[in-house]
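Structure, as structure tokens:
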Protein chains: 2
Amino acid sequence: MSTIRDVANRANVCVATVSRMLNKPEMVSQSTRKRILAAMEELNYHPNEMARSLSTKRTHIIGVIIPNTSLPLFGALADAIESSCADNGYKLLLCGSRGNADKESSMMAMLLANKVDGIILCASLRNPDAYMNIDLPIVSVDRIIPNIPSVSCDNFKGGVLAARELIDSGCRYPVIVNNVPGTQTTAIMRSKGYKYECERLGYEYREIILTNEQFFDCEFDAITDAMKNPDYPVDGIFITGDTHAANLKRFCARRGLETPRDYKLIGFDGTDLMDYLDLSTISVPIVELGALAVELLIKRIEKQSVPERSLLPASLIRRSSTSKDA
Amino acid sequence: MSTIRDVANRANVCVATVSRMLNKPEMVSQSTRKRILAAMEELNYHPNEMARSLSTKRTHIIGVIIPNTSLPLFGALADAIESSCADNGYKLLLCGSRGNADKESSMMAMLLANKVDGIILCASLRNPDAYMNIDLPIVSVDRIIPNIPSVSCDNFKGGVLAARELIDSGCRYPVIVNNVPGTQTTAIMRSKGYKYECERLGYEYREIILTNEQFFDCEFDAITDAMKNPDYPVDGIFITGDTHAANLKRFCARRGLETPRDYKLIGFDGTDLMDYLDLSTISVPIVELGALAVELLIKRIEKQSVPERSLLPASLIRRSSTSKDA
DNA sequence: CACAATTTGATAACCGCTTGACAAGCGGAA
DNA sequence: TTCCGCTTGTCAAGCGGTTATCAAATTGTG
């Protein structure tokens with residue numbers, strides 16, 4: 001592997017000149033530039049980025065902490081982030097946290113030790129303290145963390161859209177299916193939006209709370225039971241998460257319940273999956289979220305100021321699961 | 001940010017001792033070890049991995065070139081690879097090639113310049129020359145490249161299973177839907193397996209070739225037309241790729257054609273999507289593929305020898321789209 | 001207590017590149 | 001010719017670690 005000295009020798013210049021040509025090419029004349037380029041070519045020289053980083057204290061690497069790229073939403077997000085990074089001359093160090101708070105912490109430390117220029121975080125939020133007081137630019141995606149700029153989609157608006165769509169499609173007894181309340185501010189905003197719109201339209205706010213395990217194991221009896229409740233026979237369901245919606249649809253189908261005939265169903269995320277299943281959903285602009293996260297992070301790396309909270313619009317994707325003709 | 005020298009001072013030892021404790025802890029006594037650890041703790045010291053890499057010539061980073069993590073298959077693969085890397089103390093530099101051969105080449109160069117310890121490649125294979133003659137351990141996933149160890153699933157066997165399943169489910173006129181023939185040896189193996197089994201069971205080998213654009217735009221008329229062909233009224237379809245299968249199912253459904261009534265359908269990949277759509281598929285052991293790729297790469301990094309070609313078993317996932325009761 | 005074994009110190013070179021200070025060479029303009 | 005401005009050379013220190021060498025200090029052992 002050839003070094004900058006080899007190139008310098010080959011081109012009959014000094015190392016400083018080669019370095020200048022690498023970093024401020026306008027400082028070196030056409031003729032020597034050509035000589036140096038030729039030498040690089042001949043030696044197949046590529047500057048050692050490690051060595052560079054060591055002296056410039058800039059790696060042009062950004063770290064991404066994300067639960068799991070095998071989930072459609074996060075896979076798409078990772079892809080959007082990667083692509084934006086590449087467009088801006090940054091590389092991406094990927095960490096899968098699996099929603100494990102301890103892993104997150106150790107990954108933070110690892111990224112610090114590897115001198116990444118900044119971090120994009122999709123945090124579990126189990127231990128928000130871990131992210132604060134870190135002397136490194138951070139941008140959070142779809143999670144609200146004090147003192148850390150975040151980009152998320154307008155979850156409140158998403159909740160509003162979902163409520164309105166259920167009611168528009170003729171539901172009299174809508175319900176929102178939620179996770180056990182946690183620190184997920186985005187989930188809270190979705191609920192709030194949903195609640196706001198329900199009440200504005202004169203409907204009752206009802207929710208069904210499921211545990212993570214129930215979601216994971218598709219134990220949705222609480223929901224089908226609620227559909228048979230004479231006092232409030234649920235006929236419209238807003239479930240936040242496309243995979244959950246897909247699981248629920250299957251669960252119900254096995255019990256002979258079909259959308260839109262027996263109930264309306266709307267999800268949240270806007271993944272392709274919903275297209276195949278013909279399920280309505282609230283679309284999250286993932287590509288834009290990823291791109292904006294990268295943009296903001298780079299601004300912070302360059303010491304520019306960025307807005308503390310960025311909201312991107314959620315939008316309704318209407319499919320047969322919320323069609324009127326029940 | 002504190003350096004190794006700061007730690008040395010704080011602990012009243014010399015840098016060499018601190019370095020020893022970092023790299024061969026057994027060489028330093030209990031008592032000083034404690035002192036050093038305490039000093040590190042107090043200074044919140046984390047060794048600068050860049051500097052380390054520069055002198056050891058080992059980054060413990062592996063580069064991954066993959067088309068696009070937003071596709072279910074690659075998202076899952078990336079996740080499997082990341083997770084195995086983490087388990088083995090490696091970090092992952094992720095590159096999205098989007099199947100673009102030029103991007104692949106420049107990413108190769110980038111990874112080289114960043115001194116990754118090795119590369120896992122999911123190549124487009126548009127320019128296989130680019131990967132060869134690279135002085136760095138490489139492992140290829142699901143692509144066969146001369147002189148580069150590869151891990152893939154047993155595509156031949158997968159083709160066999162698909163053919164047998166179609167025929168078992170009662171098809172008289174099965175067909176395989178293929179991409180235009182390219183350099184994808186894995187696709188070739190699938191075809192071969194399919195063909196082998198068809199002929200072994202006394203059936204005719206028929207294929208329908210579609211272009212990438214036709215796949216992408218879901219222009220499947222050639223297939224539905226074939227289903228009406230009186231000479232060979234296609235009643236069973238093996239389409240290699242789950243998303244394609246999903247798209248085809250939708251395409252057919254819009255024309256009133258349903259599985260398993262009007263035709264049998266089997267995909268290839270084994271993604272969750274197929275579960276939701278109740279479609280049969282040949283399952284690729286993605287997690288194992290990722291883990292094995294990492295394992296082999298690490299072996300190569302450590303100068304151990306590895307097998308040139310590794311095959312992991314494909315398996316049939318049977319769902320209603322290939323059930324007999326048509 | 002002498003001797004060996006273990007642990008630590010001190011120093012310096014090195015990994016490959018950047019950067020600043022300063023001088024020297026060169027050509028063109030006045 | 002002289003002076004200026006651009007380009008390049010020279011030199012050296014520094015980024016934060018690793019590692020080899022050798023010597024010195026500490027500890028354990030019989």
Side-chain angles (χ1 to χ4, degrees), chain A residues 1-40 43-61 109-117 135-136, chain B residues 1-40 43-61 109-117 135-136:
Chain A
M1 198 83 296
S2 46
T3 75
I4 199 173
R5 278 163 240 278
D6 301 330
V7 176
N9 289 336
R10 195 111 172 63
N12 268 312
V13 295
C14 65
V15 293
T17 305
V18 180
S19 180
R20 280 179 197 125
M21 131 114 247
L22 246 27
N23 299 293
K24 345 197 132 122
E26 70 281 2
M27 282 187 68
V28 24
S29 72
Q30 275 293 345
S31 60
T32 59
R33 194 180 308 185
K34 268 201 311 211
R35 287 220 316 287
I36 297 178
L37 283 175
M40 289 180 168
L43 295 172
N44 187 29
Y45 169 78
H46 294 276
N48 181 328
E49 294 293 338
M50 293 286 141
R52 255 181 173 211
S53 305
L54 189 57
S55 66
T56 61
K57 292 167 174 307
R58 292 276 263 106
T59 54
H60 287 274
I61 296 178
M110 184 275 274
L111 292 176
L112 284 192
N114 278 276
K115 304 295 164 194
V116 298
D117 288 347
D135 187 24
L136 200 68
Chain B
M1 200 84 295
S2 46
T3 75
I4 198 175
R5 282 161 233 277
D6 300 330
V7 175
N9 289 336
R10 194 111 173 61
N12 269 310
V13 297
C14 66
V15 293
T17 306
V18 179
S19 181
R20 280 181 198 124
M21 130 114 246
L22 246 27
N23 299 293
K24 350 195 129 129
E26 71 280 2
M27 283 188 68
V28 25
S29 71
Q30 275 293 343
S31 60
T32 59
R33 193 180 307 183
K34 268 199 313 205
R35 287 220 315 287
I36 297 179
L37 283 175
M40 288 180 169
L43 295 172
N44 187 29
Y45 169 79
H46 294 275
N48 181 328
E49 295 293 338
M50 294 285 140
R52 259 185 174 209
S53 305
L54 188 58
S55 65
T56 60
K57 294 169 176 305
R58 290 277 264 109
T59 55
H60 287 274
I61 297 179
M110 184 276 274
L111 292 176
L112 284 192
N114 278 276
K115 305 295 165 193
V116 297
D117 288 347
D135 186 25
L136 200 68

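Below, chain A is the first sequence line, B the second, and so on; all start at residue 1.
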Given the rule in the side chain to side chain contact (heavy atoms under 4.5 Å, CB included) test, do A:L136 and A:D117 qualify, once you have shown the distances and angles that lead to the verdict?
-> CA-CA 7 Å; A:L136 200 68; A:D117 288 347; over 6 Å; no
Counting side-chain heavy atoms from C-beta on, which of D:dT19, C:dT19, D:dC15 comes nearest to A:L54?
-> D:dC15
Does a side-chain N or O from B:S29 land closer than 4.0 Å to OP1 or OP2 of C:dT6, or not?
-> no
Just to confirm, is there a sub-4.0 Å distance from OP1 or OP2 of D:dG9 to any side-chain nitrogen or oxygen of A:T17?
-> yes
D:dG16 OP1/OP2 closer than 4.0 Å to side-chain N/O of A:K57 | yes
Roughly, in whole Å, what's the span from CD1 in B:I36 to C1' in D:dG17?
-> 15 Å
Got B:L54 and A:N48 here, is their nearest side-chain heavy-atom distance under 4.5 Å?
-> yes
Can you tell me how far C1' of C:dT19 sits from CE of A:M21, to the nearest Å?
-> 17 Å
Quick note, A:I4 side chain, CB onward, closest among D:dC11, C:dA10, C:dT18 is C:dT18
Below 4.5 Å, heavy atoms only, C-beta onward: do B:T17 and B:M21 meet side chain to side chain?
-> no
So do the side chains of A:L43 and A:V7 get within less than 4.5 Å of each other, counting heavy atoms only?
-> yes
For D:dG17, take OP1 and OP2 only and decide whether either is under 4.0 Å from a side-chain N or O of B:N48.
-> no
Grab the CD-C1' distance between B:E49 and D:dT18 for me, whole Å please.
-> 13 Å
How close or far is atom C1' of D:dT8 from atom CD of A:Q30, stated in whole angstroms?
-> 16 Å
Using whole Å, report how far CZ of B:R5 lies from P of D:dT18.
-> 10 Å
Roughly, in whole Å, what's the span from CD in A:E26 to C1' in D:dT8?
-> 15 Å
Give one of base, sugar-phosphate or nothing for B:S53, where a contact means two heavy atoms less than 4.0 Å apart.
-> nothing
Assign A:V15 to base, sugar-phosphate, or nothing according to its heavy-atom contacts below 4.0 angstrom with the strands shown.
-> nothing
Specify the residue among B:A11 and A:R20 whose closest nucleotide of DNA chain C lies further upstream toward the 5′ end.
-> B:A11
Got B:R52 and B:L22 here, is their nearest side-chain heavy-atom distance under 4.5 Å?
-> yes
Nearest-nucleotide 5' precedence on DNA chain C, B:R35 against B:S55 | B:R35
Whole-Å gap separating P (D:dG17) and CG (B:L22) = 8 Å
Give B:T56 one of three labels, base, sugar-phosphate or nothing, depending on what nucleic acid heavy atoms sit under 4.0 Å from its own.
-> sugar-phosphate
In terms of side-chain heavy atoms of B:P47, which of C:dT18, D:dG17, C:dG9 is nearest?
-> D:dG17
Rounded distance in Å - NZ (A:K24) to P (D:dT8) = 15 Å
When we call it a touch if two heavy atoms are under 4.0 Å apart, what does A:V18 touch: a base, just sugar-phosphate, or nothing?
-> nothing
Can you find a pair of side-chain heavy atoms, one from A:V18 and one from A:M40, that are under 4.5 Å apart?
-> yes
If you take atom types as modelled and just measure distance, does the side chain of A:R52 reach the base of C:dG16 with a donor-acceptor pair under 3.5 Å?
-> no
Would you indicate what A:S19 reaches in the nucleic acid, counting non-hydrogen atoms under 4.0 angstrom: base, sugar-phosphate, or nothing?
-> base
Please work out if B:D6 contacts a base, only the sugar-phosphate, or nothing of the nucleic acid, heavy-atom cut-off 4.0 Å.
-> nothing
